[in-house]
Peer 1: 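Below: one structure in structure tokens.
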Amino acid sequence: MIQPTLFAGCEPQVAAGVDGRILAVGEGARQAAGRRARVVRLRGTAWPGLIDAHVHLEGLADRHLTLDLTGTSSLDETLARISSWSRPLPRAAWVVGAGWYNDAWPDQAFPTSTQLDKAVGGRPAYLRRKDGHSAWVSTAALKLAGVQSSSGILRETDMQPVADLVPPADDAAFDGAMARALEDLAALGLTGVHSMDSARGFGSWQRLRAQGRLPIRITYNLPAADLPHAVRIGVRSGWGDEWLRIWGVKAFLDGSLGSRTAEMLDGSGIARLSQPDLVDLVKQCARAELNVCLHAIGDGAVRRALDALAAHRQAWEHWRPRIEHAQCVNPKDVRRFARIGVIASMQPIHAVADRELVDQYWPKVAAGSYAWNALAREGARLAFGSDAPVETADPLSGIEAATVWRRRTRWHPELAISHAAALRAYTRGGAYAVGMERDLGTLRPGKLCDITLVDAGHVVATIVGGQVSFLRKPPATSPRSWSKPPRRP
């Protein structure tokens with residue numbers, strides 16, 4: 001017989017019903033669970049389940065399938081890793097990967113196709129920069145795509161002709177890699193993510209869902225190119241279930257700081273979406289009752305996003321427009337977030353990685369960059385994430401970046417926020433941003449039993465829907481209680 005579950009030994013203890021929802025929290029949990037309850041003994045503090053509001057699951061899965069250049073500290077080390085990976089491949093095989101980051105090299109110049117050609121043995125190669133807004137491409141790949149490039153570095157939309165030629169992994173291999181990526185996220189304490197991916201990822205999650213292999217909840221934001229298809233079949237925000245659902249439409253307004261393509265008010269950077277097209281996109285989404293997630297990093301792109309959204313305040317009952325990243329916000333635009341009802345979907349860990357770049361390329365606007373506290377003071381809702389695999393998906397690192405890191409490094413410490421505010425941005429903020437505040441974000445009776453257990457600064461367990469998704473080591477349990485976590489519904 002299936003029984004309620006009591007998560008005991010943690011503070012507070014929590015009782016979950018057979019439907020995966022919370023029965024009681026704290027002193028009344030044991031009584032609410034009943035004498036026959038399955039007892040899972042844990043340790044540490046029970047937080048509401050942490051939610052990553054901006055992640056790229058396909059990129060995380062690809063790390064298990066392609067060349068991972070994350071962490072290479074020089075061009076020579078990067079080339080050596082590429083050469084080692086390429087050597088056993090067939091002569092006509094593609095060399096595909098990501099993660100190189102020239103700003104971390106002693107010589108920060110962008111690499112060239114000539115250097116890459118030697119490392120890959122003349123093979124076609126497509127290697128995305130860490131931020132995903134530039135690609136290092138070999139001469140063979142450029143020729144196959146009919147693309148002219150004097151350097152072998154392609155940026156933003158110029159990457160697409162080569163990317164389209166990269167042969168994809170088969171479904172079985174991709175699903176296996178995706179399952180591993182999701183398990184990795186559960187081990188970091190994440191109970192849910194908002195994914196910014198393509199239909200390929202959505203197909204994989206559906207297959208994993210059918211097999212009971214989703215360890216965390218996924219809310220999908222589809223690319224703007226797929227908006228016509230979504231409108232045609234009548235998809236609306238919230239379609240799906242508690243494990244896998246569709247929410248919004250992701251559109252790029254500009255590039256990134258690292259690739260020197262963030263659109264700034266001083267005229268620098270690249271506008272990937274014109275203002276007329278942006279206005280039309282927002283209008284279509286509002287009419288179709290699909291939310292929008294607008295990638296805007298530079299202060300120029302952020303202002304354009306706010307301008308386009310201003311005419312649609314409270315467009316419909318569950319209108320929750322978001323600006324993704326909002327890494328640089330002009331002081332004149334800070335108050336507009338709350339006034340227009342725009343969620344600031346930000347990734348605190350970016351500030352740690354980007355500090356030197358900001359001081360080098362944005363010195364005049366550094367005081368308005370990664371401005372979590374400035375936005376919060378003016379009433380903006382914050383939803384925190386990681387942008388993984390661009391940065392680590394570890395939410396505890398994100399919380400540290402948003403709180404003590406700025407004070408410790410004395411880098412505009414006035415923009416740091418409290419631990420409680422950061423935790424809200426990873427819980428209530430993430431839930432609200434996708435219309436799930438009635439089900440997630442706090443530990444209250446009636447809500448889904450999603451819990452992140454933290455002890456001595458480490459995640460020790462992750463509970464999703466009243467089931468153990470990750471456990472650092474087996475808990476002590478009552479004889480009739482804990483067993484191997486059952487398959488997902």
Side-chain angles (χ1 to χ4, degrees), residues 5-16 22 24-27 29-30 33 38-53 55 71 181-193 215-216 347-349 351-353 372 382 384-386 388 391-409 413 416-431 440-444 449-478 481-482 484-485:
T5 302
L6 176 66
F7 296 103
C10 51
E11 178 58 40
Q13 59 183 4
V14 180
I22 296 173
V25 178
E27 292 182 0
R30 184 171 295 274
R38 184 175 70 112
V39 179
V40 179
R41 297 198 179 278
L42 302 166
R43 68 184 192 274
T45 303
W47 291 355
L50 297 176
I51 301 166
D52 189 316
V55 72
L182 295 173
E183 290 168 0
D184 292 343
L185 295 178
L188 291 174
L190 290 168
T191 60
V193 296
I216 62 175
Q347 302 77 44
I349 198 66
V352 179
W372 317 301
L382 302 179
F384 280 170
S386 66
E391 304 295 347
T392 176
D394 180 7
L396 300 191
S397 295
I399 290 173
E400 181 183 19
T403 55
V404 299
W405 172 80
R406 294 200 89 134
R407 301 187 184 101
R408 185 173 63 244
T409 58
I417 59 177
S418 68
H419 186 276
L423 186 57
R424 283 196 300 272
Y426 271 106
T427 53
R428 295 184 191 180
L440 301 172
T442 58
L443 297 180
R444 293 181 180 175
C449 187
D450 288 9
I451 309 171
T452 302
L453 273 294
V454 179
D455 185 49
H458 299 281
V459 171
V460 294
T462 306
I463 312 298
V464 185
Q467 299 180 26
V468 178
S469 282
F470 166 76
L471 193 63
R472 189 163 294 278
K473 58 183 179 181
T477 66
S478 61
S481 59
W482 194 86
K484 184 177 180 180

Peer 1: State whether the side chain of Thr427 and the backbone N or O of Pro48 hold a donor-acceptor pair below 3.5 Å, judged by distance alone.
Peer 2: no
Peer 1: Compare every heavy atom of Ala353 with every heavy atom of Glu391, then report the nearest pair and how far apart it is.
Peer 2: OE2-CB, 3.2 Å
Peer 1: Would you name the heavy atoms of Leu471 and Ala461 that are closest together and state the gap between them?
Peer 2: CD1-CB, 3.7 Å
Peer 1: Closest approach of Arg30 and Ala8, non-hydrogen atoms and distance?
Peer 2: NH2-CB, 4.1 Å
Peer 1: So how far is it from Arg428 CZ to Leu423 CG, rounded to the nearest 0.5 Å?
Peer 2: 9.0 Å
Peer 1: Looking only at non-hydrogen atoms, find the nearest pair between Val460 and Val454 and report the distance.
Peer 2: CG2-N, 4.4 Å
Peer 1: Answer yes or no: does atom CZ of Arg444 have more than 12 heavy-atom neighbours from other residues, nucleotides or ligands under 6.0 Å?
Peer 2: no
Peer 1: Hey, what do you get for CG (Leu443) to CD1 (Ile22), rounding to the nearest 0.5 Å?
Peer 2: 5.0 Å
Peer 1: Between Thr403 and His419 (side chain of the first, backbone of the second, donor and acceptor by atom type, cut-off under 3.5 Å), is there such a pair?
Peer 2: no
Peer 1: Can Asp52 and Leu185 be said to form a side chain to side chain contact (heavy atoms under 4.5 Å, CB included), step by step?
Peer 2: CA-CA 9 Å; Asp52 189 316; Leu185 295 178; 5.9 Å; no
Peer 1: Given side chains that start at C-beta, do those of Cys449 and Phe7 come closer than 4.5 Å, heavy atoms only?
Peer 2: yes
Peer 1: Of all the heavy-atom pairs spanning Val459 and Leu188, show the shortest one and how long it is.
Peer 2: CG2-O, 3.4 Å
Peer 1: Using a 4.5 Å cut-off on heavy atoms from C-beta on, say whether the side chain of Pro215 contacts that of Phe470.
Peer 2: no
Peer 1: Working to the nearest 0.5 angstrom, can you tell me the gap between Leu396 CG and Leu50 CG?
Peer 2: 7.0 Å
Peer 1: I'd like to know whether Tyr426 forms a side chain to side chain contact (heavy atoms under 4.5 Å, CB included) with Trp47, so could you lay out the CA-CA distance, the side-chain angles of the two residues, the decisive distance to 0.1 Å, and finally the verdict.
Peer 2: CA-CA 10 Å; Tyr426 271 106; Trp47 291 355; over 6 Å; no
Peer 1: Which pair of non-hydrogen atoms, one from Leu440 and one from Ala431, has the smallest distance, and what is that distance?
Peer 2: O-CB, 3.6 Å
Peer 1: Quick one: CD1 on Ile51 to CD1 on Ile216, what's the gap to the nearest 0.5 Å?
Peer 2: 10.5 Å
Peer 1: If you measure from CG on Leu190 to CG on Asp450, what distance do you get to the nearest 0.5 Å?
Peer 2: 11.0 Å
Peer 1: Rounded to the nearest 0.5 Å, how far apart are CG of Leu42 and CD1 of Ile463?
Peer 2: 5.5 Å
Peer 1: Tell me if a side-chain donor or acceptor on Thr452 pairs with a main-chain N or O of Thr462 at a distance below 3.5 Å.
Peer 2: no
Peer 1: Does the Arg406 side chain pair with the main chain of Ala402, one donor and one acceptor, at a distance under 3.5 Å?
Peer 2: no
